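Everything numeric in this text was worked out from a predicted model, so none of it was measured. Just so you know, these numbers use all the heavy atoms, side chains as well, and skip hydrogens, waters and symmetry mates.
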Amino acid sequence: MRDIELLVNQHNAGVRVVSERRKRYRSGCVICNSKKISSHELRRRTLRIIQGCNVVLRTLWLARWRCMDCRRVWTDYPSFRLAV
């Protein structure tokens, strides 16, 4: 298994936890930087990985979070996935 596939699998396992232990990459709100955030939902996205001459599709789960102070909802992207 390639490095990026390993990162995707580890990310998906950490994000799909149904509790406050859900993996997150930001420590606070993207708007007000409050530390009081809670999990909101998961979004499924398709990630294209180039392996040699082939393009492999993998499912990537992205966590959405809600700030308890400003009530904004945002998507938390892992370092290997750029926001589009």
Side-chain angles (χ1 to χ4, degrees):
M1 194 180 310
R2 297 199 176 250
D3 291 338
I4 190 72
E5 285 188 88
L6 182 61
L7 288 173
V8 168
N9 291 338
Q10 289 173 345
H11 165 79
N12 284 343
V15 166
R16 296 186 78 186
V17 172
V18 187
S19 73
E20 291 303 316
R21 296 181 330 182
R22 176 175 283 167
K23 184 176 181 98
R24 61 182 174 181
Y25 297 92
R26 298 187 60 89
S27 60
C29 175
V30 297
I31 306 299
C32 68
N33 206 27
S34 170
K35 304 297 183 207
K36 295 189 296 185
I37 59 176
S38 67
S39 60
H40 181 63
E41 65 183 358
L42 289 177
R43 294 173 58 190
R44 184 176 63 183
R45 293 292 178 252
T46 302
L47 183 66
R48 292 173 181 89
I49 302 171
I50 299 173
Q51 291 182 344
C53 296
N54 299 322
V55 176
V56 179
L57 301 178
R58 294 287 179 250
T59 298
L60 180 69
W61 291 94
L62 297 173
R64 307 241 321 137
W65 299 89
R66 179 182 295 276
C67 177
M68 295 292 103
D69 287 337
C70 70
R71 307 301 293 170
R72 297 285 178 104
V73 176
W74 75 94
T75 303
D76 196 13
Y77 292 95
S79 59
F80 58 86
R81 167 68 167 86
L82 299 175
V84 180

Nearest atoms (heavy-atom pairs only) where Pro78 meets Leu62:
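The answer is CD-CD2, 3.7 Å.
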Would you name the heavy atoms of Leu42 and Ala63 that are closest together and state the gap between them?
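Minimum heavy-atom separation between Leu42 and Ala63: CD2-CA, 3.8 Å.
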So, using side-chain contact (heavy atoms from CB on, under 4.5 Å) as the criterion, who are the partners of Ile31 when residues are at least two apart?
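So Ile31 forms a side-chain contact (heavy atoms from CB on, under 4.5 Å) with Cys29, Cys70, Arg72.
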Going by side-chain contact (heavy atoms from CB on, under 4.5 Å), name the residues that satisfy it together with Thr46, two or more places apart in sequence or in a different chain.
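For Thr46 the side-chain contact (heavy atoms from CB on, under 4.5 Å) partners, ignoring immediate neighbours, are Leu57.
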Any pair with a residue in residues 22-38 that passes salt bridge (charged side-chain N to carboxylate O under 4.0 Å, His left out), sequence neighbours left out, goes on the list, sorted by first then second residue, please.
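For residues 22-38, and leaving out neighbouring residues, the salt bridge (charged side-chain N to carboxylate O under 4.0 Å, His left out) pairs sorted by first residue read Lys36-Asp69.
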Pair His11 + Tyr25: ring centers closer than 6.0 Å:
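Yes - the distance between ring centres of His11 and Tyr25 falls below the 6.0 Å cut-off.
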Could you check whether any side-chain heavy atom of Ile37 comes within less than 4.5 Å of a side-chain heavy atom of Met68, counting everything from C-beta outward?
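Not in contact.
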Just so I know, are the side chains of Gln51 and Glu5 near enough to count as touching, which here means a heavy-atom distance under 4.5 Å?
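Answer yes - side chains close enough.
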Take Leu47 and Val8 through the side chain to side chain contact (heavy atoms under 4.5 Å, CB included) test and state the conclusion after the steps.
CA-CA 9 Å; Leu47 183 66; Val8 168; 3.5 Å; yes
How would you list, by chain and number, every residue that makes a side chain to side chain donor-acceptor pair (under 3.5 Å) with Arg45, sequence neighbours excluded?
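Residues passing side chain to side chain donor-acceptor pair (under 3.5 Å) with Arg45: none at all.
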I'd like to check the side chain to side chain donor-acceptor pair (under 3.5 Å) partners of Gln10; sequence neighbours left out, ordered by chain and number.
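Testing Gln10 for side chain to side chain donor-acceptor pair (under 3.5 Å), a comparison that skips the adjacent residues, returns none.
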Would you please test Ser39 and Trp65 for side chain to side chain contact (heavy atoms under 4.5 Å, CB included) and show each step?
CA-CA 5 Å; Ser39 60; Trp65 299 89; 3.8 Å; yes
Quick one about Thr75 and Arg64 (side-chain donor to acceptor, distance below 3.5 Å, no hydrogens or angles considered), yes or no?
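Yes, side-chain donor-acceptor contact under 3.5 Å.
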Residues which pass salt bridge (Lys or Arg N to Asp or Glu O under 4.0 Å) with Arg16, listed by chain and number, not counting sequence neighbours:
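By the salt bridge (Lys or Arg N to Asp or Glu O under 4.0 Å) rule, Arg16 matches no residue at all.
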Donor-acceptor check, side chain of Asn12 to backbone of Trp61, threshold 3.5 angstrom: yes or no?
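Here the side-chain-to-backbone pair exists.
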